[in-house]
Amino acid sequence: VLPARWYTLGGKEAISVMKTVLGGIRKADGDFGMIDSGDHVAVGVSGGKDSLLLLYALSLYRKFEHKDFELHGITLKMGLEPFDTSPVSDWCKQLGIPFDVVETDIAKIVFDIRKEPNPCSLCAKMRRGALNDAAKRLGCNKVALGHHREDAIETLMMSMIFEGRLHTFHPNMFLPGAEVTVIRPMVYVSEKHIIHVARKLELPVVHNPCPMDGHSRRQEIKQMIASMCRTYPHLKDNMLAALKNAEQYGLWDKKKI
C-alpha cells in the first residue's frame, strides 16, 4: 500500500521535489538526444530506488517538456524469492503507466546450472537480453535504464581494473541485434540525490533477493571510490567531466546513437 503522503505529490509540489532530477534528465536528453515525441519507452523497473524514480521522473518529464511519448514499465522476475512485484504494479496504476512482469530462469542458469564464481556479468547480460526482447515484443522502440552518475564512474573503473581498457556504457545506444535504443536519462544525477528524493517520495522499493547484492565487484569498486573521495572530494565530478570531454576516445560522443 502506498503511503498517503505520496498521493499529495502532484503539480508544483512534485516539480519542487523532482527539480534536480528533471533538470539532469533534461540536460542528458539535450546532450545525447534520448527521447523524441512519438517514442514508446520501456522502463526497466527492478524494484530498486533508481528505476522507480526514473519511471516517475519520465512520467513528469513528458509533461514538463511537452513531449508526447508513451511509457511502459517492465519488471523481470529472476526466479529468486521472495520478490513481490505487487507494490510496483499498484504504483504504476497510480501513475497510469502500463506494467508487465516477465518470468525468467536467469537465476537458475547463473547459480545452479553454470555455477558462475562471478555471476554478475552473465546475469547482467541475460537480463539485458530478456528486457530488450520484452520491450520489442510490447512495441517499444527504446529501453530506459536507471543508471546514474556513480554507475557510469564505477563501470569505467571496473573496466580499467578488471579488463584493461577504457570503457563505460553510453547514455544513448542503438542495438542493431535487439532493434531497440537503450537510454540512460539519469546519467547526470548523483546517487546521493536519488537516495534523498526516493526517501522524500517514499517510493515503494522492493527488496532485492539476489545473494550477490552488496557482495559484488561493483560494491568493492563503490567502496574504493568512496574512500578516494574522502581524500579527493571532487573526484566524482572530475571523472564525470573526463567522460564528457573524452570524445577522442569515443566514450560519450554527444548525439552519438
Can any side-chain N or O of [X] pair as donor or acceptor with the backbone N or O of [Y] at less than 3.5 Å?
| X | Y | value |
| --- | --- | --- |
| Asp29 | Ile35 | yes |
| Ser159 | Thr155 | no |
| Arg62 | Lys67 | no |
| Arg127 | Leu76 | no |

Any side-chain heavy atom of [X] sitting closer than 4.5 Å to one from [Y]?
| X | Y | value |
| --- | --- | --- |
| His148 | Ser190 | no |
| Val43 | Leu54 | yes |
| Tyr56 | Trp91 | yes |
| Val88 | Phe99 | yes |
| Val180 | Asn141 | no |
| Asp39 | Met34 | no |
| Ile74 | Val45 | no |
| Thr181 | Leu175 | no |

Return the minimal non-hydrogen interatomic distance between [X] and [Y], and the atom names on each side.
| X | Y | result |
| --- | --- | --- |
| Leu95 | Ser59 | CD2-OG, 4.2 Å |
| Ile161 | Met224 | CD1-CE, 3.8 Å |
| Ser46 | Ser51 | N-OG, 3.0 Å |

Partner residues of Asp237 under the salt bridge (charged side-chain N to carboxylate O under 4.0 Å, His left out) criterion, sequence neighbours left out: Arg149
With clusters defined by side-chain heavy atoms of hydrophobic residues (ILVMFWY) lying less than 4.5 Å apart, directly or transitively, does Ile195 cluster with Leu52? no
Do the side-chain N and O atoms of Asp50 and His147 include a donor-acceptor pair separated by under 3.5 angstrom? no
Do the numbers put Lys244 on top of the ring of Tyr188, so that NZ or CZ is under 6.0 Å from the six-membered ring centre and no more than 45° off the axis? yes
NZ or CZ of Arg26 within 45° of Tyr61 ring axis and under 6.0 Å: no
Flag if over 12 foreign heavy atoms under 6.0 Å of OH, Tyr232: no
Hey, is Lys192 close enough to Glu150 for a salt bridge, meaning N to O under 4.0 Å? no
Hey, do the aromatic rings of His207 and Phe83 have their centres closer than 6.0 Å? no
Reference residue Leu131; test side chain to side chain contact (heavy atoms under 4.5 Å, CB included); the match among Val182, Thr75, Val143: Val143
